[in-house]
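Working notes, beginning with the structure itself.
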Amino acid sequence: MDVSYILDELNDAQRDAVTADSPGTLVLAGAGSGKTRVLVHRIAWKIKVEGLSTHSIMAVTFTNKAAKEMRGRIESLLGSSLNHGMWVGTFHGLAHRLLKAHAQEAGLPNNFQILDSDDQLRQLKRIHRELALDDSRWPPRQSQYFINGHKDEGRRAAHIDDFGGDLYLTTMLKVYRRYEEICRQQGVIDFAELLLRALELWRDNPAILDHYQQRFKHVLVDEFQDTNAVQYAWLRLLASKGMAMTAVGDDDQSIYGWRGARIENIQQFSKDIENTHVVRLEQNYRSTATILKAANALIANNSQRLGKELWTEDGDGDKISLFAAFNEQDEARFLTDRIAELVRDDYRRSDIGVLYRSNAQSRILEEYLIRAGLPYRIYGGQRFYDRLEIKNALAYMRIVELRDDDTAIERVINTPTRGIGTRTVEILREYAREHQTSLWRAALAIIENGLLPARAGNALRGFLALVEDLAEQCRDKPLDEQINIAIDRSGLLAFHEKEKGEKGQARVENLHELITAAAAFEPEDEDIEPLRAFLDRAALDAGDQQADEHEDSVQLMTLHSAKGLEFPAVFIVGVEENLFPHKMSMEDPERLEEERRLAYVGITRAEQKLFLSYAESRRLHGQESFNSLSRFVREIPNELIDEVRINNTVSRPSSYAQSGVTTSQQASAAAMGIALGQRVLHSIFGAGVVLSFEGQGASARVQVNFEDEGSKWLVLQYANLQLL
DNA sequence: AGTGTAAATTTTTTT
DNA sequence: AATTTACACT
């Protein structure tokens, strides 16, 4: 059989990675070095040359998008469809599949539901209220962070030592325990629980583990640097009987430390598996030499690296553009102007990626893009299935599916309003807590025993009847019909139609979109009831971005969601201290290094052109701030950068007027060379930024926000400030 | 019980 | 700035 097509067009290192026949293979793949290609070709090699069955291969990725792409590329390389024999999916997706197959052994009801992070937070808020915790002293977010953090490390409440009654720990543990109890009662599991349960399932049921150990002969893991402790332990269990494993990763692209990812797993891998074959892929096929030089120089500032340097046979190409905008509007204008120029130069809009550190930055960019008539598409951000109206609609379906789902009940019991007020819900909660049961069962019992005033009782009975009616009506109907019935009968549609303004209209449209999505929904697994499969998909899948998918449009996204993508032209906006690196990450050296890796990821997305921009003054969350150029840009060698500042001659924006500084004051400040946002150096306090200004002549004072000392008012005459 | 308005709170990244 | 929460009013 001719299998040369599998190895053709691969370089030596890639070929080595594809054909390696060792128990452990570790591929350290730099950005743009053909990582996915190696994975896909390696799978083809295992099947076509080594004769493994598709049934015995498992491939794990981190995003649904990556899983889908991998499946597609394998199919097109092999020229045949993969069906369900091969397990390709995300850790969460595969864990979910596993738990559904063995729900009983995993201690879950057959129809367990997934609790997403938003619902998880709501649940925790309720627990805090129940435990009478003051939200300002004990923010629910902190509990969420605590619980997820420990779950990611494989620790349940019972495993955590409270160190003899430490108040913080005992409180957090109280919440954690109560949370576990409630989840168990309702038959719901959160994201971290999905992974932890899957691990425990194998650990505690040797027969089941053995079955999968027999079945899988080879497991391949993409983005290995992003695995957390539980995921790694899960893989180790599976591979403990000498099954072969391939891990592909890049320590320089580890950007999910905050989610429990452990870069160390890469090193651990070669320690744990004997005779690990290590392959380095350093030749880059994506970017110009200039872009790679910048990326290499930047990442060299990180201390803990396995070491790796990208190179290319390509030429230098264009320099990297750096634009200093006055403010975020100026930046947005620069962006749209340049994009328009690129489009004029025959770039397709979809060839252009716009990356930013945080989602909040996209709004202003969108505004300018719309004004310029440039179609765009946003990845990530508010996901379709996370929208309020969609979650409400799905909540009805979830209750139909599983009556005990308290989160869903709380969400829609009075949405749209139907006379069930806070007091009534309060009574339900109390009853449920006392009798250790769900809200649904509590409601049934309360009505049975006539524990409510007539009016509230009627309203509640109405809700229960509605749900039963929905369940009745939906039986044996097609999925889209079911959802249509639910949003109609529940009054949800009418509720949003009545809502005034564009918002209500958008919500109605989204609800229709949901019906369309339901009609188009094709379950991956025929055996599962469509509604169940649809709800699972809604929880686990980002909802592959709706609408306009085929129009040629500029691609907007956070740096995190850009990982794995590439564009001929890339804009990274907001390269400012405090924003990127984010101020939350500046104190801790490890987190700062993660920010640097994020910058590395961003830069290496670019094929030909890279534009960086920053704003000297930026209004974010209603507050004006003055940030200096990001240290990451300063870490790029000067000769690679071309500083452009098109609007150089335009007068400074109105930051003077806003702060109430008069023209004459401006004049005297200007005479000293001091402008708002100007960076200055003080002999004692160090470096800082001018925030405000008042008075003239001898009484002139400036307010400076010092990096180390905070903000201070100084008499200009004596301050002896040096301009930076 | 429901509705509207004022006050308070929150702003990193996501399966 | 925008969203959630608290509170007063109908």
Side-chain angles (χ1 to χ4, degrees), chain A residues 60-67 89-96 114-118 120-122 125 129 135-136 139-141 144-145 148 151-152 189-195 223 226-228 230-231 254-261 328 355-364 379-383 385-386 388 414-425 453 455-456 458-460 495 498-500 503 536-543 557-563 574 578-586 591 594-595 597-599 601-602 618-625:
Chain A
V60 200
T61 61
F62 269 81
T63 63
N64 294 293
K65 198 164 63 182
T90 63
F91 273 105
H92 291 87
L94 296 181
H96 184 234
I114 297 166
L115 196 71
D116 67 29
S117 22
D118 179 51
Q120 182 186 40
L121 185 62
R122 283 162 181 272
K125 276 182 184 163
R129 216 177 324 149
D135 277 2
S136 52
R141 275 205 178 280
Q144 188 179 30
Y145 186 78
N148 290 338
K151 279 194 184 181
D152 284 341
I189 62 178
D190 60 50
F191 288 134
E193 184 78 30
L194 221 40
L195 303 172
E223 308 280 15
D226 287 335
T227 51
N228 68 26
V230 171
Q231 289 161 338
S254 164
I255 54 176
Y256 287 106
W258 50 275
R259 214 169 73 184
E328 74 281 358
L355 317 183
Y356 36 81
R357 176 65 239 266
S358 64
N359 281 306
Q361 288 170 257
S362 75
R363 185 177 292 266
I364 180 99
Y379 280 79
Q382 164 84 297
R383 275 174 290 236
Y385 291 112
D386 282 346
L388 179 95
N414 202 30
T415 313
T417 48
R418 52 172 67 91
I420 302 173
T422 42
R423 181 73 196 119
T424 309
V425 176
R455 206 161 100 187
N458 279 332
L460 185 60
F495 176 71
K498 230 172 35 198
E499 229 176 352
K500 47 195 174 293
K503 225 173 193 170
D536 290 340
R537 172 82 73 91
L540 282 175
D541 197 333
M557 68 199 78
T558 62
L559 284 145
H560 281 88
S561 42
K563 192 160 77 155
N578 293 320
L579 190 61
F580 189 27
H582 196 275
K583 62 169 173 292
M584 295 299 187
S585 305
M586 297 227 284
R591 294 179 66 181
E594 179 155 311
E595 294 277 319
R597 292 194 290 269
L598 192 55
V601 167
R618 178 181 296 276
R619 184 169 268 278
L620 206 61
H621 311 303
Q623 276 275 297
E624 190 124 24
S625 56

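All values below were derived from every heavy atom in this structure, side-chain atoms included, with hydrogens, water molecules and symmetry-related copies excluded. Letters A, B, ... are given to chains in the order of the sequence lines, protein chains preceding strands, and every chain is numbered from 1.
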* Asked: Can you find a donor-acceptor pair, distance only, under 3.5 Å between A:Arg357 side chain and B:dT13 base?
  ->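 Yes.
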Between [atom2] of [N] and [atom1] of [X], the distance in whole Å:
X	N	atom1	atom2	answer
A:Glu223	B:dT14	CD	C1'	14 Å
A:Leu598	B:dT13	CG	P	11 Å
A:Lys583	B:dT13	NZ	P	12 Å
A:Gln144	B:dT12	CD	P	13 Å
A:Tyr356	B:dT13	OH	P	10 Å
A:Asp226	B:dT13	CG	P	17 Å
A:Leu355	B:dT12	CG	P	19 Å
A:Glu594	B:dT12	CD	P	15 Å

* To do: To the nearest 0.5 angstrom, please state how far the CG atom of A:Leu559 sits from the CZ atom of A:Arg357.
  =>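 Answer rounded to 0.5 Å: 7.5 Å.
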* **Approximate separation, where rounding is to 0.5 Å, of A:Glu193 CD and A:Asn148 CG** =>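 It is 10.0 Å, given to the nearest 0.5 Å.
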* Asked: Short question: side chain of A:Glu595, backbone of A:His582 - any donor-acceptor pair under 3.5 Å?
  ->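 Confirmed, A:Glu595 side chain pairs with A:His582 backbone.
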* Would you find a donor on one side and an acceptor on the other, under 3.5 Å apart, between the side chain of A:Asn414 and the backbone of A:Arg418? ->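 Yes, the answer is positive, given that a donor and an acceptor are paired below the 3.5 Å cut-off.
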Can a side chain N or O of [X] be found less than 4.0 Å away from OP1 or OP2 on [N]?
X	N	answer
A:Ser358	B:dT11	no
A:Thr424	B:dA1	yes
A:Asn359	B:dT13	yes

* To do: Would you kindly compare A:Gly421 and A:Leu195 by the position of their nearest DNA chain B nucleotide and give the one closer to the 5′ end?
  =>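 With A:Gly421 and A:Leu195 compared, the 5'-side residue is A:Gly421.
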* Asked: Mapping A:Phe62 and A:Asn414 onto DNA chain B by nearest heavy atom, which one lands closer to the 5' end?
  ->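 The 5'-side residue here is A:Asn414.
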* Measure from the side chain of A:Thr417, starting at C-beta and using heavy atoms only, and say which of B:dT3, B:dT12, B:dT11 lies closest. => B:dT3
* Asked: When every nucleotide of nucleotides 1-10 of chain C is labelled 5' to 3' by its protein contacts under 4.0 Å (heavy atoms), B for base, S for sugar-phosphate only, - for none, what sequence of letters results?
  -> SS--S-----
* Can you tell if the side chain of A:Thr558 reaches within under 4.5 Å of the side chain of A:Tyr379, non-hydrogen atoms only? -> no
* Asked: How about A:Gln231 and A:Val60: do any of their side-chain heavy atoms sit closer than 4.5 Å?
  ->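 A side-chain contact is absent here, since even the closest heavy-atom pair is not under 4.5 Å.
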* To do: For nucleotides B:dT13 and C:dT4, find the distance between their P atoms and express it as a whole number of Å.
  =>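 After rounding to an integer number of Å, I get 15 Å for this pair.
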* Determine, for A:Arg619 against A:Glu328, whether the closest basic-nitrogen to carboxylate-oxygen distance falls under 4.0 angstrom. =>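 Salt bridge: no.
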Assign [X] to base, sugar-phosphate, or nothing according to its heavy-atom contacts below 4.0 angstrom with the strands shown.
X	value
A:Arg141	sugar-phosphate
A:Arg418	sugar-phosphate
A:Asp116	nothing

* Asked: Looking only at heavy atoms, what is the nearest atom pair of A:Leu540 and A:Leu194, with distance?
  -> CD2-CD2, 3.8 Å
* **Base of B:dT13 and ring of A:Trp258 stacked, centres under 5.5 Å, planes under 30°** =>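 Here the ring of A:Trp258 and the base of B:dT13 are stacked, with centres under 5.5 Å and planes under 30°.
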* Centroid under 5.5 Å and tilt under 30°, A:His582 to B:dT12 ->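 A:His582 vs B:dT12: stacking yes.
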